[in-house]
Amino acid sequence: MKNYFSVQDIDSLPDWIKEAIEIKKNPLANKTLGANKTIGLLFFNPSLRTRLSTHKAALNLGMHVIVMNFTGEGWSLEYEDGTVMDQGNSEHIKEAAQVMSQYCDVLAIRAFAKLENKEEDYKETVLNGFIKYASIPVINMESATGHPLQAFTDAITITEYKKTDKPKVVLSWAPHPKALPQAVANSFVEIMQKMNVDFVITHPKGFELASQITKQIPIEYNQENALKDADFVYVKNWSSYTNYGEVAPSDSSWMMTNQKMQLTNKGKFMHCLPVRRNVVVEDAVIDSENSIVIEQANNRTFAAQLVLKKILEKL
Ligand code: SN0
């Protein structure tokens with residue numbers, strides 16, 4: 001594997017999960033693998049878990065870490081070929097990516113969907129630009145359409161907590177005041193298709209994810225029906241894919257509540273965080289003993305560490 005761009009880059013999910021759980025038991029087992037290697041973490045958007053856990057993973061492997069925020073600090077980059085650059089953008093991705101490839105051995109990039117133009121976002125201009133012009137491996141730390149480090153974390157977490165061979169997993173849409181990307185939901189859906197789970201997606205009509213991602217996964221428009229006997233309830237907002245970037249009118253009926261969780265099989269509550277309390281999920285659910293969001297976030301380090309290990313082994 002050169003780049004970790006999407007969950008499709010995982011060659012064997014069961015093996016990856018097993019190895020990540022081994023790393024978790026002994027995070028410093030490979031503390032010299034990354035000696036004298038540098039990772040550049042580039043952020044075009046805010047981050048807490050992704051930034052700290054990827055940084056921590058790199059340190060556990062003995063790497064040097066350079067972090068750069070493009071939100072106000074870097075030159076604003078141009079991605080189109082042949083543009084007359086007389087507008088706002090100061091530097092072309094061609095030079096930026098080649099220059100950074102001289103300073104670093106691996107790049108990890110966060111660049112959210114802009115949610116203005118579906119075709120533009122789904123072209124993955126930023127990540128694909130770096131993959132095209134950088135001469136070093138590129139890791140996706142949430143791009144316009146996917147968040148594969150989060151999804152791999154989620155697969156590890158479900159494996160750790162499952163009590164049956166084939167648990168029921170529900171991805172339940174939630175309300176949100178802002179337009180959020182489909183990235184987390186997309187990658188979660190993709191990785192669930194690689195797992196032995198009984199998987200259902202529930203959301204209001206009009207919030208269907210891209211059909212090339214959801215494929216044959218059942219969609220249940222009645223949230224309460226979907227939640228019946230669920231072992232894992234993964235709650236996440238995403239803005240509309242069809243009416244691209246549209247936010248649902250404010251309506252708390254899709255918020256995850258204690259009452260709804262009673263329908264599940266003592267279901268574990270999951271969310272990638274950050275989460276808007278009492279909009280997406282009631283306090284009583286996220287604060288309950290069935291909430292595994294903190295352990296889920298803990299697994300971000302070991303997911304990132306396995307991805308980095310795979311990349312370092314091929315350098
Ligand atoms: C991002 C998203 O893609 O949904 C990152 C999740 C890992 N979430 C947000 O941007 C939340 C912002 C907010 O104001 O609640």
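We count ligands from 1, going down the list as the structure has it; atoms in each ligand are counted the same way.
Distances shorter than 4.0 angstrom do not occur between any heavy atom of A183 and any atom of ligand 1. Using a 4.0 Å cutoff on heavy atoms, L273 counts as a contact of ligand 1.
Between the side chains of D154 and T157, not a single donor N or O lies within less than 3.5 Å of an accepting N or O.
For atom 11 (C) of ligand 1, the closest non-hydrogen atom on the protein side is L180 CD2, 3.8 Å. Among protein heavy atoms, atom 12 (C) of ligand 1 sits closest to K178 NZ, 3.6 Å.
Side-chain contact between L312 and M63 is present, with heavy atoms from C-beta onward closer than 4.5 Å.
With atom 14 (O) of ligand 1 as the reference point, the heavy atom nearest to it among R300, R110, R276 is part of R276. When Q182, E142, K236 are checked for heavy-atom proximity to atom 7 (C) of ligand 1, E142 turns out nearest.
Residues meeting the side chain to side chain donor-acceptor pair (under 3.5 Å) test with N3, sequence neighbours left out: none.
Taking the centre of each ring, F207 and W238 stay at or above the 6.0 Å mark.
Atom numbering of ligand 1 starts at 1 in the shown order; those under 4.0 Å from a heavy atom of H176 are 13 (C), 15 (O). If you number the atoms of ligand 1 from 1 as listed, the ones under 4.0 Å from a heavy atom of P181 come out as 2 (C), 3 (O), 4 (O).
In this structure, I109 belongs to a hydrophobic cluster whose other members, linked by side-chain heavy atoms under 4.5 Å apart, are F5, L42, F44, M68, F70, L77, Y79, I93, M100, L107, V126, L127, F130, I131, Y133, I136, V138.
Here E295 pairs with K24 in a salt bridge; the nearest charged N to carboxylate O distance falls below 4.0 Å.
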